[in-house]
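Working notes, beginning with the structure itself.
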There are 2 protein chains.
Amino acid sequence: MTKPNQEREALLAELVGASVPGWAILVVQLNNVVARRLGVSDTDVQCLHVLGRYGPATPGELAKRVNLTTGSASRMIDRLVAADCVRRIPDPGDRRRVLIEPTQEGLDRVGSAYAGLIERTRDDLGDFTDEELRTLLRFMGTAERSTAAEVRHLQSAPDDRGAHP
Amino acid sequence: MTKPNQEREALLAELVGASVPGWAILVVQLNNVVARRLGVSDTDVQCLHVLGRYGPATPGELAKRVNLTTGSASRMIDRLVAADCVRRIPDPGDRRRVLIEPTQEGLDRVGSAYAGLIERTRDDLGDFTDEELRTLLRFMGTAERSTAAEVRHLQSAPDDRGAHP
DNA sequence: CACAGTTACTGCGCGACGCAGCTAATGTAT
DNA sequence: ATACATTAGCTGCGTCGCGCAGTAACTGTG
């Protein structure tokens with residue numbers, strides 16, 4: 001007899017143990033390749049992604065999202081400004097703050113770098129029904145929330161270094 | 001009248017334009033947090049992921065998968081050996097080659113670092129039917145292949161630097 | 001048996017990051 | 001109003017990871 005829970009467990013194991021990690025590895029690798037193509041560092045493309053996803057932000061907010069100190073974020077912004085990818089805009093309401101905004105040049109550069117993948121992905125999604133697309137969207141939403149929660153949890157948790165005799 | 005293709009286009013746009021990039025950003029951020037927790041660099045955790053996913057490999061193969069030169073890969077392996085995460089095993093058949101194998105210590109360290117996320121993800125997947133899980137698995141498979149193909153394509157393509165007057 | 005090709009490893013310089021300290025601007029209390 | 005604490009962003013300095021070039025050991029081939 002084959003228990004129904006057995007196949008489900010196999011599906012779960014395949015998903016969390018192979019498919020998702022395998023994709024995550026490739027995402028990191030792709031970001032690295034794109035960074036080289038654009039002539040900037042990995043951190044810089046991560047910053048551009050953050051700007052593209054969440055809109056303009058202050059250096060402090062960017063520092064949090066890319067796990068950098070505000071000092072290093074300053075240097076990163078310097079590089080991106082020098083590469084014509086972002087712009088510094090003073091905040092009229094709070095003259096300490098500065099808003100970082102992607103330039104059209106920057107948007108085009110990252111856009112063209114990922115155009116191939118987007119093309120392929122849209123192509124792949126052609127094999128899925130609307131119902132299946134909604135399922136994918138639902139999963140991506142939960143995954144995004146869970147990953148964000150885990151990031152926050154690990155950031156606030158103490159370091160484990162030195163806990164292995 | 002509402003055209004049926006209109007909603008589908010919205011689903012596709014949401015997926016490739018927001019959900020997937022949003023998750024990718026968080027994956028990178030999580031890797032960075034985990035790296036700090038383990039006291040190693042981002043590249044080092046990427047290497048550990050590669051070893052966990054594809055099994056033991058030579059320094060040259062690892063260098064390709066993490067986008068490093070063989071020289072930098074040597075140093076990376078030195079760090080991981082010093083951190084008790086991997087082991088160098090000489091290849092008896094070809095005495096030039098060396099096999100890199102994760103230690104139990106290393107497997108436990110990365111495993112515990114990601115245990116929380118795996119827990120959350122398995123929990124999330126509880127809301128999906130077996131059929132939906134198969135859909136997710138199918139998509140992850142295509143995404144993995146497409147991303148890998150795009151990585152190969154960009155790696156073999158010429159640089160775009162200097163193409164913006 | 002010589003010679004090209006492969007694999008992994010080492011000096012050196014460059015660049016990205018963290019840390020600490022700094023200035024300017026804002027908020028708050030007396 | 002004035003003094004103090006807080007927040008925001010920006011700079012020297014040391015550290016460390018990386019690419020480049022060159023080296024040594026080993027393998028396959030003519």
Side-chain angles (χ1 to χ4, degrees), chain A residues 28-29 31-48 50-51 56-83 85-101 155 159 161, chain B residues 28-29 31-48 50-51 56-83 85-101 155 159 161:
Chain A
V28 172
Q29 195 180 358
N31 276 339
N32 188 285
V33 172
V34 169
R36 291 162 189 265
R37 254 184 102 77
L38 298 183
V40 298
S41 88
D42 285 31
T43 309
D44 299 353
V45 293
Q46 179 75 354
C47 174
L48 291 174
V50 167
L51 287 174
T58 65
E61 292 167 355
L62 289 176
K64 286 194 191 71
R65 288 215 184 263
V66 299
N67 288 343
L68 248 59
T69 62
T70 62
S72 299
S74 253
R75 303 285 185 28
M76 172 186 72
I77 295 167
D78 288 344
R79 292 193 300 269
L80 289 173
V81 167
C85 286
V86 303
R87 201 183 355 244
R88 275 187 235 252
I89 297 181
D91 184 338
D94 187 339
R95 293 195 301 186
R96 293 170 302 180
R97 303 178 70 188
V98 175
L99 269 183
I100 309 303
E101 187 185 65
Q155 276 177 338
D159 255 2
R161 250 172 302 173
Chain B
V28 172
Q29 196 179 358
N31 277 339
N32 188 286
V33 172
V34 169
R36 291 161 189 266
R37 252 183 104 77
L38 298 183
V40 297
S41 87
D42 285 31
T43 309
D44 300 352
V45 293
Q46 180 75 354
C47 175
L48 292 174
V50 167
L51 287 174
T58 65
E61 293 167 353
L62 289 176
K64 286 193 190 71
R65 289 216 185 261
V66 300
N67 289 343
L68 249 59
T69 63
T70 62
S72 299
S74 254
R75 302 275 179 43
M76 172 187 70
I77 295 166
D78 288 344
R79 293 193 300 269
L80 289 173
V81 168
C85 287
V86 303
R87 202 183 353 244
R88 273 188 237 252
I89 297 182
D91 184 338
D94 188 337
R95 292 195 300 185
R96 293 169 302 181
R97 302 179 69 187
V98 176
L99 269 183
I100 308 302
E101 187 185 65
Q155 276 176 338
D159 256 3
R161 250 172 305 173

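Each chain gets a letter, A, B and so on, in the order its sequence line appears, and its residues count up from 1.
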Between A:P92 and A:T69, just flag the one whose closest nucleotide in DNA chain C comes earlier from the 5' side. A:T69

Show each protein N/O and nucleotides 9-15 of chain D N/O combination with a separation under 3.5 Å, one pair to a line.
{"from": "D:dG9", "atom 1": "OP1", "to": "A:P59", "atom 2": "N", "distance (Å)": "3.4"}
{"from": "D:dG9", "atom 1": "OP2", "to": "A:G60", "atom 2": "N", "distance (Å)": "3.0"}
{"from": "D:dC10", "atom 1": "OP1", "to": "A:R88", "atom 2": "NH1", "distance (Å)": "2.6"}
{"from": "D:dC10", "atom 1": "OP2", "to": "A:S74", "atom 2": "OG", "distance (Å)": "2.6"}
{"from": "D:dC10", "atom 1": "OP2", "to": "A:R88", "atom 2": "NH1", "distance (Å)": "3.2"}
{"from": "D:dC10", "atom 1": "O5'", "to": "A:S74", "atom 2": "OG", "distance (Å)": "3.2"}
{"from": "D:dG12", "atom 1": "N7", "to": "A:R75", "atom 2": "NH2", "distance (Å)": "3.1"}

Which string of ( ) [ ] | and . matches DNA chain C, if you list each base 5' to 3' and count Watson-Crick or G-U pairs only when both distances are under 3.5 Å? ||||||||||||||||||||||||||||||

Quick one: side-chain hydrogen bond (donor to acceptor under 3.5 Å, both in side chains) partners of B:D42, sequence neighbours excluded? B:N32

Could you pull out the closest heavy-atom pair between B:V45 and B:N31, with the gap in Å? CG2-O, 4.0 Å

Would you kindly give the CG-to-P distance between A:D42 and D:dG17, to the nearest whole Å? 15 Å

Outermost DNA chain C nucleotides near chain B [under 4.0 Å, heavy atoms]: C:dG5 to C:dG18

Taking side-chain hydrogen bond (donor to acceptor under 3.5 Å, both in side chains) as the test, write out the residues that go with A:D91, two or more places apart. none

Among residues at least two apart in sequence or on other chains, which ones pass side-chain hydrogen bond (donor to acceptor under 3.5 Å, both in side chains) with B:T70? none

Filter on salt bridge (charged side-chain N to carboxylate O under 4.0 Å, His left out), then keep only pairs touching residues 70-80 of chain B, sequence neighbours left out; what's left? B:D44-B:R79, B:D78-B:R88

Got A:Q29 and B:Q155 here, is their nearest side-chain heavy-atom distance under 4.5 Å? yes

Check B:I100 against B:L51 and note the closest heavy-atom contact, atom names and distance. O-CD2, 3.7 Å

Judged by nearest nucleotide, the residue sitting upstream toward the 5' end of DNA chain D, B:D44 or B:G93, is B:D44

So, using side-chain hydrogen bond (donor to acceptor under 3.5 Å, both in side chains) as the criterion, who are the partners of A:R95 when residues are at least two apart? none

Roughly, in whole Å, what's the span from NZ in B:K64 to P in D:dG19? 14 Å

Test of understanding: with side chain to side chain contact (heavy atoms under 4.5 Å, CB included), list the residues that count as partners of B:S74, not counting sequence neighbours. none

What residue pairs, at least two apart or across chains, pass salt bridge (charged side-chain N to carboxylate O under 4.0 Å, His left out) with a residue in residues 57-68 of chain B? B:E61-B:R97

